[in-house]
Amino acid sequence: MWKWLHPYAKTERAFALCSKLLPWCWGGAALGLTIGLIWGLAFAPADYQQGDSFRIIYLHVPSAILSMGAYSGMAIAAFIGLVWQIRSADMAVAAIAPVGAVVTFVALFTGAAWGKPMWGTWWVWDARLTSELILLFLYLGVMALYQSFEDKQQGAKAAGILALVGVVNLPIIHYSVEWWNTLHQGATITKFGKPSIAPEMLWPLLISIVGLGLLVAALSLYRLQSEMIRREMHRPWVQAMYTQQEGQ
Amino acid sequence: MNPRRKQRLMAFSAVILVVGGAIGLMLYALGQNIDLFYTPTELVEGKDGVKPQVGQRLRIGGMVVPGSVKRVDDSLAVSFDLMDTGPIVTVSYQGILPDLFREGQGIVATGTLTAANHIEAEEVLAKHDEEYMPPELAEAMKGIKHVKPSEAGYGNKG
C-alpha cells in the first residue's frame, strides 16, 4: 500500500518532488494571500461590534490555524523519521520548525495587538493564550535540540521525540476555549455546524487561510531542499546537479 | 514491515500514548484551576463546595446587567452588576473602561472580594463572542444597535 512512497526515501527523489511542487505552492500562495488579504482588509464589511478593528482576523486566524497545521505536519514527519528512519523525513522536521515558529509568533503578536483595543489588555494568562505560547516554545525546543548534537542522526532523533510528545498540546489549544472559561472567545469556523461569521466576511478569510497554508508549504519545501543540499553536499547527486548547472 | 521497524513503531506509539495520558490526567486533576475567572454563581454559591473568602483577590466573569451601570459625574468611578444565570454580583471600578464595555456585554474583572457579592476591581476586560457580521445584519437579526460607551450616555449623565 505504501510502496509508492518508498522511492522518496532517497533524498534525490524527494528533492525532485520538492522542485516539482514548489512553483505551484509559491503561485497559489501569492494568489491566495493577495486576493484574501486585499478583499478582507479593504472590501469586507466592518463588524457590528468591533468595527474595523476586527479586520486583523485576516492575519490572526490564518496564522493561528497554520501554527497548528505546521506542527501536525512536523509531527507526522518526525514519526515517519523515527519509525522508518527515513532521512528526508528527519530533514523535513528541521525544515518546518522555524517556519512554524514564525507563524506561531505572528499568531501571538496579532492576537496581542487585537486584544489591546478590544479586551483592554495585551496578554492574559488564560488557557488559550498560554497553550499557544507553549506551542511556540515547543517549536523553539525542536529547533534547539536538532542543532545541539554533533551527530545529525542523534539530533534528529531527539528533536523528533520532542515534536511527537508535543502533539498532545494541539487538542489542548483547540479545546481550551470549551473546556475552561477563558477571555478568548470560542471557535468561529473550526467547529461542527455553521460558521458564526457572515458569508461576505468568511470567504476572504478562507482564501487567506489557503494562501498562508501554501506559503508555509512553499517555505518549508524550500528549506527542505536547502537542508538536503547542506547535508548531502558530498553525495554524487548534488555534485552532479551543480556540475550540470555550470555546464549549461 | 520488518520486526525492528515494528518494534520502533510500537515503542514510539507507546511513548505518545503514555505522555498524552499523563498530561491528560494532570489537566484533569488541575481541572478548574485553569479557569480564568469565577462566574457570579460560583462566587456566591461556591465552586466544588469551596466559597471564595472575603479579601481574596480573584477574577470574575459575567454579563453586565442592562440598566445597572452607575457613573459618578466628577470622577471615573463606575459600578455595575454582573450575572450569569442566577445571583448578581456588584463590581466597583475606577478607571477607563475598554471600548467594548456595554450593557449586556460579557466582561472579566480582576479585583478583591470586599463582601459576599461585591468586588472592588482594579482591571476590567471586555470579552466578545465568536460571531462576526456587518452592522446592518446585526440590527436585522438581533435587533441590536451597538454604540460606543462614550456615546451611550447611560447612568447619571443621561
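By convention in this document, chain letters (A, B, ...) are assigned in the order of the sequence lines, proteins followed by strands, and residues within each chain are numbered from 1.
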Worksheet entry | Toward chain B, the part of A:A44 with a non-hydrogen atom under 4.5 Å | neither
Discussion item. For A:I189, which atoms come within 4.5 Å of any heavy atom of chain B: side chain, backbone, both, or neither?
Written reply: neither
Worksheet entry | Which atom of A:L183 lies closest to which atom of B:L36, heavy atoms considered | N-CD2, 3.5 Å
Response to the item:
So side chain to side chain donor-acceptor pair (under 3.5 Å) across residues 86-98 of chain B, not counting sequence neighbours, yields B:D81-B:T90, B:S92-B:H118
Worksheet item: What heavy-atom pair brings B:Y132 and A:T188 nearest, and what distance separates the two atoms?
Response: CE1-OG1, 3.4 Å
Worksheet item: Can you tell me if CE on B:M63 sees more than 12 non-hydrogen neighbours from other groups inside 6.0 Å?
Response: no
Practice prompt. Examine the side chains of A:Q50 and B:H128 and answer whether a donor and an acceptor come within less than 3.5 Å of each other.
Written response: yes
Worksheet item: For the residue pair A:A46 and B:P135, what are the closest heavy atoms and their distance?
Response: O-CD, 3.2 Å
Discussion item. Looking at B:Q56, I want to see if its CD is surrounded by more than 12 non-hydrogen atoms of other residues, nucleotides or ligands under 6.0 Å.
Written reply: yes
Discussion item. Is there a side-chain contact between B:I16 and A:V167 in this structure, where contact means two heavy atoms from C-beta onward sitting under 4.5 Å apart?
Written reply: no
Worksheet item: Heavy atoms under 4.5 Å from chain B: which residues of residues 116-125 of chain A carry them?
Response: A:P117, A:M118, A:W119, A:G120, A:T121, A:V124, A:W125
Discussion item. Can you confirm whether more than 12 heavy atoms, excluding those of B:F12, are under 6.0 Å from its CZ atom?
Written reply: yes
Practice prompt. Could you tell me which portion of B:Q7 (side chain, backbone, both or neither) has an atom closer than 4.5 angstrom to a non-hydrogen atom of chain A?
Written response: neither
Item to complete: Enumerate by number any residue of residues 143-153 of chain A whose heavy atoms lie under 4.5 Å from heavy atoms of chain B; in the absence of such residues, state 'none'.
Response: none
Discussion item. Rounded at 0.5 Å granularity, tell me how far CD in B:E131 sits from CG in A:D47.
Written reply: 10.0 Å
Discussion item. Go through it in stages, so that I can follow the logic: the residues are A:D126 and B:V108, the test is side-chain contact (heavy atoms from CB on, under 4.5 Å), and I'd like the CA-CA distance, side-chain angles, deciding distance and then a yes or no.
Written reply: CA-CA 12 Å; A:D126 84 348; B:V108 176; over 6 Å; no
Worksheet item: Do the non-hydrogen side-chain atoms of A:N181 and B:F37 ever get within less than 4.5 Å of each other?
Response: yes
Discussion item. For the interface with chain B, which of A:S196, A:A198, A:G115, A:A127 has the highest count of heavy-atom pairs at distances below 4.5 Å?
Written reply: A:S196
Worksheet item: Which bit of B:V124 is near chain A, if near means a heavy-atom gap under 4.5 Å: side chain, backbone, both or neither?
Response: backbone
Worksheet item: Given the rule in the side-chain contact (heavy atoms from CB on, under 4.5 Å) test, do A:L164 and B:V15 qualify, once you have shown the distances and angles that lead to the verdict?
Response: CA-CA 9 Å; A:L164 276 187; B:V15 166; over 6 Å; no
Worksheet item: More than 12 non-hydrogen atoms from neighbouring residues, nucleotides or ligands closer than 6.0 Å to CG on A:L133, yes or no?
Response: yes
Discussion item. Are there residues of residues 53-82 of chain A whose heavy atoms fall under 4.5 Å of chain B's heavy atoms? If so, which?
Written reply: A:F54, A:I57, A:F79, A:L82
Worksheet item: Between A:Q49 and B:D129, what is the shortest heavy-atom contact and its length?
Response: OE1-OD1, 4.2 Å
